[in-house]
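Each remark here refers to the structure printed beneath this line.
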Amino acid sequence: MSSTAKNLLLLVAAVLALIGGYWLAQTLRPEPEITAAKTYGGGELINFTLPELDGKPHSLEAWRGKVIVLNFWATWCPPCREEIPLLIALQKQRAAEGLQVVSVAIDNEIAVRPYSRSAGINYPVLLGGDEALDLVARYGNSMGALPFTVIIDRGGAIAARKLGAFTRDELESLVEPLLSPAKLQIP
């Protein structure tokens with residue numbers, strides 16, 4: 001057998017050994033457990049004042065004592081628009097228990113006003129425009145991506161933050177314990 005044939009045979013054997021080793025390693029590796037949290041808490045309410053659609057200024061501090069679901073969104077953001085019906089339903093179902101959804105539109109009034117009306121938004125819509133991106137960053141979203149939601153307990157502590165749209169189950173599992181009677185303690 002020529003030396004070229006021997007070298008080719010050794011190369012094929014080495015490649016097959018690599019493929020076999022890779023396959024074996026993948027087969028024996030345990031499935032990774034996905035435990036990465038989509039939400040994180042920590043910190044305190046950052047107060048701000050922005051105008052609502054009616055032009056009146058509103059301070060976030062005015063809702064202290066309630067569980068606040070603070071949602072940053074825009075009309076041009078498809079996941080934001082998909083999440084809004086969930087927030088409308090949550091406000092309707094849980095307002096009597098002390099929940100308040102507050103949204104900050106990172107958008108202009110010309111787009112927000114008709115969208116808000118047509119969607120039937122039943123919670124305050126504050127107009128933040130591009131300036132609200134600084135506020136989003138102060139709340140922990142340095143990328144400025146939307147939607148971004150901050151859940152604040154009755155005492156003003158941040159219970160959770162999430163970049164991206166919530167599912168109903170995710171949102172309810174975070175809000176439910178904050179609304180329970182044991183959490184009614186206001187500092």
Side-chain angles (χ1 to χ4, degrees), residues 34 36-41 45-46 48-133 135-141 143-154 156-180 183:
I34 300 172
K38 293 183 180 180
T39 61
Y40 63 98
L45 172 148
I46 298 167
F48 59 86
T49 301
L50 291 171
E52 196 171 354
L53 288 173
D54 62 6
K56 291 181 192 171
H58 289 278
S59 168
L60 189 62
E61 186 70 34
W63 290 292
R64 189 182 284 262
K66 294 185 177 246
V67 173
I68 302 169
V69 176
L70 177 61
N71 179 254
F72 295 90
W73 67 286
T75 59
W76 44 261
C77 165
C80 300
R81 293 169 72 123
E82 291 170 16
E83 187 178 47
I84 286 174
L86 170 62
L87 298 173
I88 291 169
L90 185 70
Q91 178 64 39
K92 182 178 180 181
Q93 294 164 358
R94 308 304 293 264
E97 298 171 66
L99 179 117
Q100 182 61 60
V101 176
V102 178
S103 72
V104 176
I106 314 276
D107 212 333
N108 64 54
E109 183 180 355
I110 295 167
V112 174
R113 185 178 298 282
Y115 179 78
S116 180
R117 194 175 314 119
S118 69
I121 294 177
N122 59 351
Y123 48 82
V125 176
L126 307 179
L127 297 168
D130 292 336
E131 303 84 45
L133 289 175
L135 185 58
V136 168
R138 289 177 55 207
Y139 266 111
N141 177 0
M143 295 184 337
L146 300 174
F148 178 63
T149 304
V150 181
I151 299 174
I152 304 165
D153 73 13
R154 295 177 190 271
I158 295 174
R161 294 178 181 89
K162 182 177 180 191
L163 180 58
F166 272 109
T167 66
R168 180 175 304 280
D169 290 342
E170 283 176 321
L171 188 53
E172 287 179 358
S173 72
L174 291 168
V175 167
E176 179 67 34
L178 301 175
L179 290 173
S180 69
K183 294 286 184 178

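This chain uses plain numbering: 1 for the first residue, then up along the sequence.
The distance from the CD1 atom of Ile151 to the CD1 atom of Ile68 is 11.5 Å, given to the nearest 0.5 Å. Of the inter-residue distances, the one linking Leu174 atom CG with Lys162 atom NZ reads 9.0 Å to the nearest 0.5 angstrom. In this structure, CG in Leu99 is found 8.5 Å from NZ in Lys66, a value given to the nearest 0.5 Å. Within the model, atoms CD of Glu83 and CD1 of Ile88 stand 11.0 Å from one another, a figure rounded to the nearest 0.5 Å. Taken to the nearest 0.5 Å, the CG atom of Leu86 stands 9.0 Å off from the OG1 atom of Thr149. The OG atom of Ser103 sits 8.5 Å away from the CG atom of Leu70 when rounded to the nearest 0.5 Å.
Among all heavy-atom pairs drawn from Phe48 and Tyr139, the shortest one is CE2-CE1, 4.2 Å. Closest heavy-atom contact between Pro177 and Glu172: CD-O, 4.4 Å. Here the shortest heavy-atom pairing between Val136 and Gly144 reads CG1-CA, 4.3 Å.
The side-chain hydrogen bond (donor to acceptor under 3.5 Å, both in side chains) test applied to Ser173 returns no partner, not counting sequence neighbours. Listed by chain and residue number, nothing satisfies the side chain to side chain contact (heavy atoms under 4.5 Å, CB included) test with Ala137 (two or more places apart in sequence, or in another chain). Remark: Ala145 engages Met143, Leu163 in a side chain to side chain contact (heavy atoms under 4.5 Å, CB included) (not counting sequence neighbours). Residues meeting the salt bridge (charged side-chain N to carboxylate O under 4.0 Å, His left out) test with Glu176, sequence neighbours left out: Arg94. In this view, Glu61 and Arg64 satisfy the salt bridge (charged side-chain N to carboxylate O under 4.0 Å, His left out) rule, not counting sequence neighbours. Listed by chain and residue number, His58 satisfy the side-chain hydrogen bond (donor to acceptor under 3.5 Å, both in side chains) test with Glu52 (two or more places apart in sequence, or in another chain). Leu133 is linked by a side chain to side chain contact (heavy atoms under 4.5 Å, CB included) to Ile106, counting only residues two or more places apart in sequence or in another chain. Annotation: side-chain hydrogen bond (donor to acceptor under 3.5 Å, both in side chains) contacts of Asp107 (sequence neighbours excluded): Thr75.
Leu127 places none of its side-chain heavy atoms less than 4.5 Å from the side chain of Leu50. Between Asn71 and Val102, every side-chain heavy-atom pair lies at or beyond the 4.5 Å cut-off. Residues Ile152 and Leu178 form no side-chain contact, since every pair of their non-hydrogen atoms from C-beta on lies 4.5 Å or further apart. Looking at heavy atoms from C-beta onward, Val125 lies in side-chain contact with Trp73 at the 4.5 angstrom threshold. Residues Pro51 and Leu126 are not in side-chain contact: their nearest non-hydrogen atoms beyond the backbone lie 4.5 Å or more apart. A heavy-atom distance below 4.5 Å is not found between the side chains of Glu82 and Pro147.
Using a distance-only test at 3.5 Å, with no hydrogens or angles considered, no donor-acceptor pair links the side chain of Glu97 to the main chain of Leu179.
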Under the side-chain contact (heavy atoms from CB on, under 4.5 Å) criterion, do Leu45 and Trp63 qualify, and how do the steps go? CA-CA 11 Å; Leu45 172 148; Trp63 290 292; over 6 Å; no
So Phe166 and Val69, side-chain contact (heavy atoms from CB on, under 4.5 Å) or not? Walk me through it. CA-CA 11 Å; Phe166 272 109; Val69 176; 5.9 Å; no
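Pairs passing the side-chain hydrogen bond (donor to acceptor under 3.5 Å, both in side chains) check and including a residue from residues 110-120, sequence neighbours excluded, read Glu109-Arg113. Sorted by first then second residue, the ring pair (Phe, Tyr, Trp, His ring centres under 6.0 Å) pairs that include residues 83-103, not counting sequence neighbours, number zero. Among residues at least two apart or in separate chains, disulfide (SG to SG under 2.5 Å) pairs with a member in residues 55-87 are Cys77-Cys80.
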